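A note on names: the letters A, B, ... follow the listed sequences, proteins ahead of strands, and every chain is numbered from 1. Please read all numbers here as calculations on a predicted model, not as lab measurements.
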Amino acid sequence: MFAESVSGEESLRQDFEALTVSKRLVRSVSQKLKKKNYRGEAEEEDKVRGVALKCLTLYGRGGGCKVGADTSEEFGDPSSRRRSSANEEGKVYKPICGTEDNNFDCFSYGMKEKFWKKNNRKELELEESVRNSRMHIFLPDDILEMCLVRLPLTSLMNARLVCKKWRHLTTTPRFLRMRREGSYQNPWLFLFGAVKDGYCSGEIHALDVSQDQWHRIGAGILRGRFMFSVASIQDDVYIVGGCSSLTNFGRMDRSSFKTHKGVLVFSPLTKSWRKVSSMRYARSMPILGISEVSSDFLIIQSHQNRHDRRFPRSRVGGVSDVYEDPHRLSLRCQYRNAFDENEPSLLPNRKSYKFMRQRSEQSNIKGCKKFVLIAVGGLGCWDEPLDSGEIYDSLSNKWTEIQKLPIDFGVVCAGVVCNGMFYVCSENDKLAGYDIERGFWIGIQTSTFPPCVHEYYPKLVSCNGRLFMLSVSWCEGDGQIGRRNKAVRKLWELDLMYLTWTEVSVHPDAPMDWNPAFVADRNLVFGVEMFKIFGQVLDFFTVCDASDMEMNWNHISRNHMAHELDASSCMTKRMAVLHL
Amino acid sequence: MAFTWSKTIYMGLDPIFLTELSISIIIFSTIASSKKSRVSKIKTADNEIFEVEEAVATMSNTIKIMAGDCSGGVIPLNNVHSTIFARVIEWCKKHVDDGEDLEYYKGALKNCDATFFEVDQAVLYHLLTTANSLDIKPLLHQGCQRFVDMINGKTVEEIRQLLHIKNDFTNEEEDETRKKLWSSVVGMNSFILL
């Protein structure tokens, strides 16, 4: 086995000559083995002749080739072979040490060869600096930041636990802004309202869409609450209204319940909850619309301007349904005083609340982002459908009542904000829009409304400034037997200029869920349908890309997560999407 | 000079004209030759001189600026070692024609670079710091992506071991964060939210 390695060497003669010298040295060294400073000498000679001597001293000690163990990476086959038969070699080498046998020389050939190569000073210098630097964390902070900003959320969370420096680097506002603006974020779906074993556990299920991985978040604060609505903005999810059972705490029980006015805010990134100002009216299942507005936007102002307007506004080709109640003028005075009422007490995060108050005082500073949240309709304390609406200002943390829905609008069933207008549609196939800046409702007359199957109310979504509706309709029979009674869910787009509906795409799933949730963020529209079939609760998640011309729907997360949930989750489920 | 002068007079040619002509020929040839193969000379910290095509060398904004200042001389890089510089230049040569679009470099590692980045940590660190100091944004982006690929998906302890980072959290701090736990259904048990 030694012969093989020898034949591979090029400078055999050179090494052979050098070895004759080393043999002499070996004898002298072996004689000095008992001396305590033998190692020092060996090292000195090492620098001159490479490692040959060192290995021989080790042989002398009878421990086999230990040098190979240290440098095996550089040697490849020969040394590894040697290592494996170390014991044998030790036996061979022991008596050889000090004699003129050439066998052990072959080993040192290999060593020498590599070390001649290694003698290139430049390489050694770099290696040394490399080795030294490995001891310290020398990657400059700004480069480290550039690297960490690319991490997906789950890895980022782990990175925060590595050490204090990493935690600091990844939690600064600048880092978070860099992450947001650099489009290193991925969409996450949050499913609320899961009911397990009859209890509204308050558990939130989060889907990391890019990794197709589910996470569960405990949220005790939501325990017992159901029939609320959710809306997401920036990095937060707002949970508005809802009901709780009065008799069976925690259970999904509609027999005796109370309806909430309260609004909770959930921040998944910090897994923190805070409470904001409550609504004026208790609502369950309100229709929500959320939108960023300029910091100059003031709600009170828009209300003051309203009573100056005398002429009903109308959109192209339509008759306005704006409803003016002179009676409300007196009520408005009442509300104006109520603006100064104190905010309710908050949960642990008092600091953030104080911060919000200060910010509202400084809201004149440009560039300060704020948003509004509108809640209309829903069911009141006695399960009666409501037609009132209110708007929430994030900077002032106040709810203000807005104009009621047009009188014959019907029960509002879906709504979304698009281009500064809060569009809502009713169970009577009517569409209205609330102009957020100017603060009034406009009836919108469109071309033929997409047909709807009774009880399968349409849903509205908006992305990239476009307005879409998902409605279930009967399949137009092609004359084929059996097709006439088939229902299908279609995606329609409203042309905001000409107010015409055009069919965009067909949803691949048969509409088994009459209360699906559709949400959109940036260019993606996500949908979830949940229903019980064959004794199992199944969930189907789909996604559609609005930037794609055909807007085809794809399934995501085929590993069903709903199998452990109760069938009532189908009714209580709510979904929000965030880019994290 | 005197010799040439006398020769030209002998040949009947106007010496002044000839001198001017020869000067302009010299100038022209220098311009021509410099346009053909503009080579930048760069000296690294360990006094090694690299001759690199200008187009490749100016992928580094720092070198571009320094070349403007040095105008033809040797550009000194006082904090770059030759071995690392050699690698950097190798990368630049491959990507000199790829265009200016940074978005292209922000994504995943390119296939052609797969082996280039198969280096040990220390070399990667040197590549990153050099790309930063020489201001070669595409290489910096790709290097960062490689770093991220190294730590993505690893547990906290694995990251610490890999990068030789000492855990400087106290037990209380760690416990506090472990309490706020997103438990994963699929079993990624190290996913922890602060």
Problem set entry | Side chain, backbone, both or neither of Leu128(B) within contact of chain A (heavy atoms, under 4.5 Å) | both
For this session: Decide if the gap between the ring center of Phe526(A) and the ring center of Phe541(A) is smaller than 6.0 angstrom.
Result: no
For this session: Would you mind checking if Arg160(B) and Glu157(B) are paired as a salt bridge, meaning a charged N to carboxylate O distance below 4.0 Å?
Result: yes
Exercise. With a 4.0 Å cut-off, would you call Lys43(B) and Glu48(B) a salt bridge?
Worked result: no
Exercise. For Gln145(B), is it the side chain, the backbone, both or neither that has a heavy atom under 4.5 Å from a heavy atom of chain A?
Worked result: both
Exercise. In terms of heavy-atom pairs under 4.5 Å, which option from Asn152(B), Leu140(B), Thr129(B) contacts chain A the most?
Worked result: Asn152(B)
For this session: Could you tell me whether Glu53(B) and Lys93(B) have a side-chain N and a carboxylate O separated by less than 4.0 Å?
Result: no
Exercise. Would Arg150(A) and His141(B) count as having a side-chain donor-acceptor pair, cut-off 3.5 Å?
Worked result: yes
Problem set entry | Contact leader toward chain B among Pro152(A), Pro140(A), Ala159(A), where contacts are heavy-atom pairs under 4.5 Å | Pro152(A)
For this session: Output the option from Ile151(B), Val148(B), Asp149(B) having the highest count of non-hydrogen pairs under 4.5 Å with chain A.
Result: Val148(B)
